[in-house]
Amino acid sequence: NAGVTQTPKFQVLKTGQSMTLQCAQDMNHEYMSWYRQDPGMGLRLIHYSVGAGITDQGEVPNGYNVSRSTTEDFPLRLLSAAPSQTSVYFCASSYRGYLDEQFFGPGTRLTVL
Amino acid sequence: SQELEQSPQSLIVQEGKNLTINCTSSKTLYGLYWYKQKYGEGLIFLMMLQKGGEEKSHEKITAKLDEKKQQSSLHITASQPSHAGIYLCGADPNAGGTSYGKLTFGQGTILTVHP
C-alpha cells in the first residue's frame, strides 16, 4: 500500500507557465481533496471530489482546475502560474468523507518566479 | 463558514515539560481532528474526537473535546524532541454526509522542544 502519492516533490515555474500536480491513492477512497498551505494560514481547501467524475470548488479555487476520471487519480492543474500560487500543495483522501481519517500525501513545494 | 483558532501560534519548551495547545471553533464541532506535521513532510493523523466530553490518548499525547463541542485541547506530557513539529487541528465543516471529505483547519501551532 503506497497510500497517497504526489509528484513532483519540488517545482519551480515562471509566471504564466502551466503545470499539473499529480495525486494518486491506492486505498479505493471516494473522497479526495487538494489543499494549499501557506505560513500562518493553516491548510486551505482548493478543490475536492466525492467520486470519479464529480468535483467541486473549495475555499480558494481561482487559478486551479481539477478533474477526476478515475477513483485513484486527482490531478490539480495550474492554468497560468502566478507568484501568489507559491505554496506547498497537499492532496488528501478518505473513505467515508465524514468522521473519518484523511490520509495526506507528502506534498509538492511550488515556487512561482 | 467555520473558523478554527489555535493558540498559541508557537511554543518553545524544555524537554520534559508538559504543554497544551488549544483549538477554538466559531461553530459547533462535529468531528475534530488533530494532525502533526514535520517540516517538509505531510500530515500525520493523531486522533479524532466526536462527542462532547470525549478524551483520547496516544502515548504521551491526550486530546479532549469540551462538552459544548466548541473547543479542543491537545496536551503533551513530558515532552521530547520527537514531539517537535507543527500541530494542526481540523474539523468537519458540516454535520453528517455533507462534509464530503473536506476539512477546515486552524493556522497551526509550531512546537519546539529543546533537549
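Each chain gets a letter, A, B and so on, in the order the sequences are listed, and its residues count up from 1.
No more than 12 heavy-atom neighbours from other residues, nucleotides or ligands sit within 6.0 angstrom of NZ on B:Lys64. The number of heavy atoms from other shown groups lying within 6.0 Å of CD (B:Glu3) does not exceed 12.
For A:Leu43, the parts lying near chain B are the backbone and the side chain together; criterion is any non-hydrogen pair under 4.5 Å. There is no contact between B:Gln9 and chain A, counting heavy-atom distances below 4.5 Å. Contacts of B:Leu88 with chain A are made by side-chain atoms alone, with heavy-atom separations under 4.5 Å and no backbone atom involved. A:Tyr95 does not touch chain B: none of its heavy atoms, backbone or side chain, sits under 4.5 Å away. Within the 4.5 angstrom heavy-atom criterion, only side-chain atoms of A:Gln37, from C-beta onward, approach chain B.
Rounding to the nearest 0.5 angstrom, the gap separating the CD atom in A:Gln102 from the OH atom in B:Tyr33 is 7.0 Å. For the atom pair CG (A:Asp56) and NZ (B:Lys102), the distance works out to 7.0 Å, reported to the nearest 0.5 Å.
No chain of hydrophobic side-chain contacts below 4.5 Å, direct or via other Ile, Leu, Val, Met, Phe, Trp or Tyr residues, connects A:Tyr89 to A:Leu45.
Taking the six-membered ring for Trp, B:Phe45 and A:Phe104 have ring centres at least 6.0 Å apart. In this structure, B:Tyr30 has its ring center no closer than 6.0 Å to that of A:Tyr98.
Residues A:Phe90 and B:Gln37 share a closest heavy-atom pair of CZ-NE2, 3.2 Å. The nearest pair of heavy atoms linking A:Asp100 to B:Met48 is N-SD, 3.8 Å.
By the 4.5 Å heavy-atom criterion applied to side chains, A:Arg44 and B:Phe105 are not counted as neighbours. In this structure, the side chains of B:Leu103 and A:Tyr35 come closer than 4.5 Å at one or more pairs of heavy atoms.
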Report task. List the steps and the verdict of side-chain contact (heavy atoms from CB on, under 4.5 Å) for B:Asp92 and A:Leu99. Result -> CA-CA 7 Å; B:Asp92 288 312; A:Leu99 296 179; 3.8 Å; yes

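Of the listed residues (B:Gly31, B:Cys89, B:Gly42), the one with the most heavy-atom contacts under 4.5 Å to chain A is B:Gly42.
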